[in-house]
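Working notes for the structure below.
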Amino acid sequence: MSSGSRRASQFQQEKEEDVPQWIPGLGNDKPKPRTLGTSFFGYVPDAFCEKTPFLPSEKQAKEAGEEKVDQPEEEVAAPGSEHSDQADSIDTSGQRDMDASSDEGVVTEEVVVPRRVRARDAEPWDAHTPDTVDGSAQNRLLIKGGRVVNDDMMQDADVYIEDGIIKQVGLNLHTPGGTRVVEAKGHLVIPGGIDTHTHMQLPFMGTFAVDDFYTGTRAALAGGTTMIMDFALPQRGESLVEAYHRWRTWADAKVCCDYALHVGVTWWSDKVGEEMQELTEENGINSFKMFMAYKDTWQLGDEDLLKSFKRCKEIGALAQVHAENGDIIKENSRKMLALGITGPEGHEMCRSEEVEAEATNRACVLANQVGCPLYIVHVMSKSAADVVSSKRKQGHIVFGEPIAASLGTNGTHYWHKCWRHAAAHVMGPPLRPDPDTPRYLMDLLANGDLQTTGTDNCTFSASQKALGKDDFTKIPNGVNGVEDRMSVIWEKGVVSGKMDPCRFVAVTSTNAAKVFNIYPKKGRIAVGSDADIVVWNPHATRVISAKTHHQAVDFNIFEGMEVHGIADYVICHGRVVVEEGEVRAVSGMGKFVPTPSHCPHVYGRVQERDRTNAPCKVERAPYDGPVTQLNGQGRVPVQESGIMAANQETFYTRGPTRSGGVNLHDSSFHVSGWQRDDDVRPRTSIRLVSPHSGTSLQGIFW
Ligand code: URP
Ligand code: ZN
Ligand code: ZN
């Protein structure tokens with residue numbers, strides 16, 4: 001987004017009485033009381049003194065004088081395999097030529113030529129010597145006059161930053177001379193956004209996502225997101241650790257903002273289980289994603305899902321699932337193509353809401369059975385969201401992540417007459433044709449039934465989407481969102497009155513930091529936290545468009561949407577990377593953020609819960625009565641007629657009921673004339689409990 005396309009000029013410095021009630025007194029000029037101490041939030045004991053904690057291997061490398069580990073000079077090419085010819089299974093590899101044309105079809109839309117992104121949009125920060133930029137110290141910054149918003153409170157305060165860390169939060173701060181000042185009067189000062197779900201340059205369905213770790217993270221910054229969480233996804237049979245290192249190599253060289261990784265468990269073996277442990281202990285991974293869809297490539301069956309969930313629990317990691325029933329999708333895709341439905345509408349029709357809801361429910365049950373906390377990625381439908389919400393009410397430890405797409409648009413676009421437009425919305429699980437879905441998901445996000453927000457940003461341009469022009473199963477799945485998530489959620493969540501700015505901060509940043517165990521380093525504006533901060537203009541508006549966005553993709557699923565809420569300044573590592581809407585980011589300036597295992601926010605309840613829920617046996621005297629003799633096959637011998645042999649000690653042919661009672665489907669007499677209660681002493685009275693009043697009626701005979 002260039003500054004020209006914004007309507008920031010519309011934003012006036014608000015007078016106190018003009019400011020909406022939820023930000024009383026924002027940016028007023030009244031004299032502020034002088035405060036003692038440096039922070040009204042107090043010191044954050046767990047905040048790190050270094051911006052990024054080092055992994056064991058990195059620490060050694062640093063001590064040995066190396067600058068960075070796992071960052072070879074050359075970019076490693078993504079591996080892939082031949083694209084599958086099977087219409088109903090998805091090739092998750094990334095090799096296929098990308099010259100297919102998309103300009104077929106009766107209805108066409110204007111083709112957007114994406115803005116070309118220069119390799120460097122700003123001078124590298126390192127080129128500046130300290131103390132020389134605009135006469136200010138490069139490493140010292142004061143954000144002045146804004147309203148600081150955290151997930152649990154907001155208050156007028158200045159924020160002083162040094163060397164990438166927040167050093168003071170409060171009023172009338174003492175700051176060293178030469179400190180650069182960012183004026184934030186009339187603005188909200190919020191923690192940088194954390195996008196929990198992206199796929200930059202993902203090798204997928206025969207091609208690669210067009211937004212890579214440079215364009216994708218640069219666009220993230222433009223929209224106020226200072227950290228992304230991407231997925232390292234091994235091919236079936238491939239080492240998880242190798243996939244992790246490949247993604248690190250791709251990302252480290254290019255990222256403009258911080259990033260963490262989730263790792264996919266796309267197949268199962270004992271070796272996979274060992275590698276999961278290695279990744280958590282050595283490589284800063286605390287979350288693993290399992291796919292219940294993508295049959296024949298990444299999909300795991302229930303048995304392997306259970307094994308993965310058990311393993312996650314053993315190593316203190318969070319299990320994530322892509323919840324869709326891949327077997328049903330495969331079957332329905334075949335049916336749809338046989339009916340001649342080859343367009344993008346077929347994509348939605350072969351995976352309706354209940355296909356997502358069934359898998360969501362199954363994942364919750366399987367994870368709960370082994371006591372493993374669960375995180376449902378990309379919640380796309382009302383019914384899947386309802387499952388998450390009701391399982392939480394039942395006490396399951398489960399988190400739900402709607403995405404910008406499911407909160408901001410809907411699946412009616414699959415029926416659009418322009419193929420290119422319809423195909424641009426293809427993603428899995430699909431957007432839902434029920435246009436009320438975004439409102440519903442936003443309500444659940446606002447009230448706490450859903451917790452975090454991602455984007456599943458996985459972009460393919462029209463020519464790539466056109467790989468499936470004659471067969472919807474070959475359209476590369478994925479949409480944009482990383483740049484617009486914050487604005488879309490502000491517009492649909494805050495401007496609509498569903499959530500206040502604190503809840504906005506919670507769902508766009510803080511909750512992610514908590515769930516992935518990087519809080520309060522990330523997700524909070526407090527002393528000791530990383531200086532990843534957005535100076536948010538809640539009043540300015542912009543119109544989202546592929547013509548002006550920073551992403552490399554040539555389509556934007558939010559095209560034409562007018563949104564309030566613009567990131568006027570974005571500060572990442574204490575550096576101003578977006579200034580009045582202009583992005584000044586440098587590839588490689590972001591850092592990998594390790595996510596430690598055994599997150600208290602996720603696992604804090606688990607140990608006690610396991611202890612109190614541990615199954616216990618009933619102590620009782622051993623049975624000393626007769627025992628039926630079984631024949632060799634373990635069956636009770638019966639005569640050919642189906643009636644028991646006369647020498648059988650018992651004639652019960654069915655087991656007792658669950659409560660231990662006699663099964664009423666059994667015969668109560670034997671051919672010998674013996675009845676099953678012959679040996680029961682007759683009672684002189686019965687005790688009858690009235691079904692309505694519960695009164696006990698003693699001594700009445702029927
Ligand atoms: O359509 C999608 N979601 N593409 C990315 C892969 C995934 O399933 O997350
Ligand atoms: Zn997925
Ligand atoms: Zn995804």
Side-chain angles (χ1 to χ4, degrees), residues 78 89-94 195-212 216 228-235 243 247 259-266 287-300 305 319-326 329 333 344 347-348 350-351 355-356 359-360 363 374-381 384 400-406 409 411 413-414 422-432 452-461 464-465 467-468 472-482 485 512 553 555 557:
S89 70
I90 283 177
D91 177 3
T92 49
S93 70
D195 184 337
T196 50
H197 189 154
T198 67
H199 301 280
M200 303 306 173
Q201 65 194 69
L202 177 69
F204 192 45
M205 296 182 73
T207 182
F208 292 84
V210 65
D211 273 296
D212 66 6
I228 61 161
M229 305 186 78
D230 208 90
F231 291 81
L233 298 176
Q235 296 299 313
W247 254 263
Y259 79 103
L261 289 174
H262 316 285
V263 174
V265 176
T266 51
S287 46
F288 294 91
K289 180 180 180 186
M290 278 63 76
F291 291 87
M292 299 169 84
Y294 303 126
K295 180 99 178 137
D296 304 328
T297 51
W298 289 338
Q299 182 173 328
L300 295 189
L305 280 173
Q320 301 182 296
V321 285
H322 171 131
E324 278 188 298
N325 187 319
I329 293 170
S333 300
H347 175 78
E348 202 286 333
C350 72
R351 57 195 88 200
V355 175
E356 184 187 357
T360 308
L374 184 66
Y375 181 100
I376 311 287
V377 302
H378 47 43
V379 175
M380 300 301 289
S381 63
E401 170 206 79
I403 60 172
S406 60
T409 186
H413 293 281
Y414 297 128
H425 291 81
V426 167
M427 66 163 298
L431 292 156
R432 297 303 170 188
T452 58
T453 53
T455 56
D456 204 1
N457 192 96
C458 185
T459 48
F460 299 98
S461 287
Q464 294 173 291
K465 291 274 182 182
L467 290 167
F472 66 83
T473 66
K474 294 193 166 76
I475 301 172
N477 287 203
V479 296
N480 65 288
V482 74
R485 180 183 65 114
V553 68
F555 192 91
I557 58 167

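Everything quoted here is computed from the prediction, not taken from an experiment. Both counts, for ligands and for their atoms, begin at 1 and track the order of listing.
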(request) Could you tell me the separation between the NZ atom of K295 and the OG atom of S333, rounded to the nearest 0.5 Å? (result) 12.0 Å
(message) Tell me whether the Zn ion (ligand 2) has H197 as a neighbour, meaning an N, O or S atom of it below 2.8 Å.
(response) no
(message) Give me the residue, atom name and distance of the protein heavy atom closest to atom 4 (N) of ligand 1.
(response) N477 O, 3.2 Å
(request) Take every heavy atom of E324, measure it against each atom of ligand 1, and state whether any distance is under 4.0 Å. (result) no
(message) Within the structure provided, determine whether H262 and V377 are in side-chain contact (heavy-atom separation under 4.5 Å).
(response) no
(request) Just jot down the ligand 1 atoms closer than 4.0 angstrom to any heavy atom of G478, in number order. (result) 1 (O)
(request) Compute whether any side-chain donor of one residue and acceptor of the other, for T198 and Y259, lie under 3.5 angstrom apart. (result) no
(request) Could you check if a side-chain atom of D195 sits within less than 4.5 angstrom of a side-chain atom of R485, using non-hydrogen atoms only? (result) yes
(message) Quick test: of every protein heavy atom, which one is nearest to atom 7 (C) of ligand 1, and how far off is it to 0.1 Å?
(response) Y294 OH, 3.5 Å
(request) Among all protein heavy atoms, pick the one closest to atom 1 (O) of ligand 1 and tell me residue, atom and distance. (result) G428 N, 2.8 Å
(request) Nearest 10° is fine: what angle sits at the Zn ion (ligand 2) between ND1 from H322 and NE2 from H378? (result) 90°
(message) Does any part of the side chain of Y414, heavy atoms only, come nearer than 4.5 Å to the side chain of L431, both counted from C-beta?
(response) yes
(request) Check D456 against ligand 1 and report side chain, backbone, both or neither, counting heavy atoms closer than 4.0 Å. (result) side chain
(request) May I have the angle between D456 OD1 and H199 NE2 with its vertex at the Zn ion (ligand 3), rounded to 10°? (result) 90°
(request) Please work out whether any backbone atom (N, CA, C, O) or any side-chain heavy atom from C-beta onward of M380 is under 4.0 Å from ligand 1, and answer side chain, backbone, both or neither. (result) neither
(request) Using a 4.5 Å cut-off on heavy atoms from C-beta on, say whether the side chain of T266 contacts that of Q235. (result) no
(request) Give the minimum heavy-atom separation between V321 and A363, together with the two atoms involved. (result) CG2-CB, 3.7 Å
(message) Would you say that Y375 contacts T452 through its side chain, given a criterion of any heavy-atom pair below 4.5 Å between the two side chains?
(response) yes
(message) I'd like to check which ligand 1 atoms, numbered from 1 as shown, lie under 4.0 Å from a non-hydrogen atom of M427.
(response) 1 (O)
(message) So for ligand 1, is H322 a polar contact partner (N or O within less than 3.5 Å, distance only)?
(response) yes
(request) Could you tell me which atoms of ligand 1, counted from 1 in the order shown, lie closer than 4.0 angstrom to a heavy atom of H378? (result) 8 (O), 9 (O)
(message) Need the ligand 1 atom indices (1-based, order shown) with element for anything under 4.0 Å from a heavy-atom of H197.
(response) 9 (O)
(message) Quick check: do P476 and L467 have side-chain heavy atoms less than 4.5 Å from each other?
(response) yes
(request) Look only at interatomic distance and state if V426 has a nitrogen or oxygen under 3.5 Å from any nitrogen or oxygen of ligand 1. (result) no
(message) As a test of understanding, state which of D211, T459, D230, D456 forms a side-chain hydrogen bond (donor to acceptor under 3.5 Å, both in side chains) with H199.
(response) D456
